[in-house]
Amino acid sequence: MTTTSAQDGLRDHFDAVIARHDRIEPRDWMPEAYRSTLVRQIAQHAHSEIIGMQPEGNWIGRAPSLRRKAILLAKVQDEAGHGLYLYSAAETLGVSRDELVRHLLTGRQKYSSVFNYPTLSYADVGTIGWLVDGAAICNQVPLCRTSYGPYGRAMIRICKEESFHQRQGYELLTTMMAGTPEQREMVQESVNRFWWPSLMMFGPPDVSSPNSERSMAWGIKRTSNDELRQRFVDMTVPQAAVLGVTLPDPELRWNEGRGHHDFGEPDWDELSAVIRGEGPCNAQRLAHRRRAHQEGAWVREAASAFAAHEGPEHD
Ligand code: BYC
């Protein structure tokens with residue numbers, strides 16, 4: 001076989017795996033653009049989990065009871081775990097975790113826009129669980145069937161934990177809604193602030209999503225941004241009714257003909273600005289992460305020195 005026909009054979013194998021919705025594995029040949037798209041998306045996802053620890057972590061020291069504190073601590077720790085599964089999945093594509101962390105800290109790689117909004121009350125812990133984790137589940141369940149094996153397998157485990165997170169958020173809000181008028185007001189105010197940023201988590205509309213077409217052709221993404229956003233709205237409206245909160249969108253109504261809810265247009269200029277680094281907390285989130293990374297330097301050095309001392313079998 002000539003080199004060219006060997007390469008054709010590898011490409012045919014890749015195309016056949018994608019066509020039958022099967023998995024590409026780390027040692028399989030893959031087009032460079034497929035690899036770099038995966039690194040971009042998985043890294044962005046991993047960074048989101050790590051930066052996503054901050055808004056809720058803000059409330060650990062001020063949780064209203066020991067029980068709430070234990071729940072919140074466990075949840076925030078889970079997010080760290082998700083980040084680690086995802087960095088590991090990205091490493092199978094030939095990038096190191098050091099490199100990915102450097103790209104986060106220098107602002108070269110992104111993380112989800114939703115974590116650039118402040119958490120102003122304890123109700124935000126519940127709202128993030130309900131809406132932000134709820135949106136994450138909608139987005140991530142189809143990713144369990146993504147075409148890259150290590151990413152799909154990481155997502156299966158993450159989704160199980162995310163659905164638990166979503167329920168804890170909903171349970172917290174249910175408890176607050178059964179409390180005083182001030183507590184109910186806190187929940188409504190929090191939902192008002194997080195509703196639109198949650199819809200923006202799914203990315204720009206399909207017509208202005210530069211990556212969607214290729215990512216869907218490769219089976220990296222299984223469902224489009226708009227379709228997932230619609231799924232999330234349809235899932236959330238009845239939950240809001242049970243909770244007794246109003247979703248802050250005057251255009252939100254059931255459309256019998258479509259069999260879906262119609263809803264208003266998110267402010268796409270706001271999403272672009274937050275992605276560009278101009279959201280209310282972008283600078284604070286990155287500064288905090290850089291400081292934490294610096295403060296953890298001695299732990300990384302000690303672990304490396306220990307591994308070197310113990311020999312390669314302990315590396
Ligand atoms: N925020 O062509 P598009 C969690 C970027 S964490 C920031 O549609 P794509 C949790 C996009 O990267 C949940 N950037 O892109 C953690 C692209 O820019 P580049 C995180 C955004 O990749 C802690 C450009 O805009 N989940 O669950 O096809 C506590 C054009 O967009 C955003 C994931 O990361 C955004 N919202 O689709 C609680 C899921 N939207 O990279 C909860 C995995 C778009 O070309 N990721 N951009 O410069 C995905 O599913 C996809 O990457 C997206 C975007 C749907 C987000």
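Only this structure's heavy atoms are used, side chains among them; waters, hydrogens and symmetry mates stay out. Note that the numbering runs from 1 along the sequence shown for the chain. Whatever order the structure lists them in is the order used to number ligands and atoms, beginning at 1. Just so it is clear, the structure is predicted and the values come from calculations on it, not from any experiment.
Close approach to S209 involves these atoms of ligand 1, each under 4.0 Å from a residue heavy atom: 2 (O), 3 (P), 8 (O). Near Y111, meaning under 4.0 Å from any of its heavy atoms, are these atoms of ligand 1: 1 (N), 7 (C).
Taking atom 27 (O) of ligand 1 as the reference point, the nearest protein heavy-atom neighbour is A136 CB, 3.0 Å. The protein heavy atom nearest to atom 19 (P) of ligand 1 is K110 NZ, 3.3 Å. The single protein non-hydrogen atom nearest to atom 6 (S) of ligand 1 is S48 CB, 3.6 Å, given as residue, atom name and distance. Ranking protein heavy atoms by distance to atom 12 (O) of ligand 1, first place goes to Q44 OE1, 2.8 Å. Of all protein heavy atoms, the one closest to atom 56 (C) of ligand 1 is M201 O, 3.9 Å. Of the protein's heavy atoms, Q140 NE2, 3.7 Å lies nearest to atom 13 (C) of ligand 1. The protein atom (non-hydrogen) at minimum distance from atom 40 (N) of ligand 1 is G203 CA, 3.2 Å. Scanning the protein for heavy atoms near atom 1 (N) of ligand 1, the closest one is S113 N, 2.9 Å.
The side-chain heavy atoms of T146 and R23, taken from C-beta on, include a pair separated by under 4.5 Å. Using a 4.5 Å heavy-atom cutoff, the side chains of D133 and E79 are in contact. The side-chain heavy atoms of L93 and I42, taken from C-beta on, include a pair separated by under 4.5 Å. For the pair V114/M200, no side-chain contact is recorded, criterion being any heavy-atom separation below 4.5 Å from C-beta on.
For atom 32 (C) of ligand 1, the choice among L131, V114, I275, D133 with the nearest heavy atom turns out to be I275. Nearest-residue assignment for atom 29 (C) of ligand 1 (options H165, R40, E79, Q109; heavy-atom criterion): E79. Remark: among candidates D78, N139, L271, the nearest residue to atom 50 (O) of ligand 1 is N139, based on non-hydrogen atoms. Scanning M155, K221, Q41, H45 for the heavy atom closest to atom 54 (C) of ligand 1 points to K221. Atom 17 (C) of ligand 1 has its nearest heavy-atom neighbour, among I50, T37, N211, in N211.
At a heavy-atom distance under 4.0 Å, only side-chain atoms of F115, from C-beta outward, approach ligand 1. Under 4.0 angstrom from ligand 1, the non-hydrogen atoms of N225 all belong to its side chain.
At under 3.5 Å, not a single nitrogen or oxygen of Y151, backbone or side chain, sits near a nitrogen or oxygen of ligand 1.
D234 and H261 share a side-chain donor-acceptor pair at under 3.5 Å. No side-chain donor-acceptor contact under 3.5 Å links N282 and E278. Between H288 and R291, the side chains place a donor N or O and an acceptor N or O closer than 3.5 Å (distance only, hydrogens not considered). Between the side chains of E49 and Y85, not a single donor N or O lies within less than 3.5 Å of an accepting N or O.
Tracing side-chain contacts under 4.5 Å through hydrophobic residues (I, L, V, M, F, W, Y), one reaches V245 starting from L252; they form part of the same cluster.
Under the 4.0 Å criterion applied to side-chain N and carboxylate O atoms, R167 and E171 are not assigned as salt-bridge partners. Salt-bridge formation is detected for the pair R193/D124: a Lys NZ or Arg NE/NH1/NH2 atom is positioned less than 4.0 Å from an Asp or Glu carboxylate oxygen.
The closest approach between any non-hydrogen atom of S215 and ligand 1 is not below 4.0 Å. For the ligand labelled ligand 1, residue E162 lies inside the 4.0 Å heavy-atom shell.
Just one of R40, E99, H47 meets the side chain to side chain donor-acceptor pair (under 3.5 Å) condition when paired with Q109; it is H47.
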Practice prompt. Could you go through the side chain to side chain contact (heavy atoms under 4.5 Å, CB included) check for H82 and Q140 one step at a time?
Written response: CA-CA 12 Å; H82 296 173; Q140 291 168 16; over 6 Å; no

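Less than 4.0 angstrom separates atom 42 (C) of ligand 1 from at least one non-hydrogen atom of the protein.
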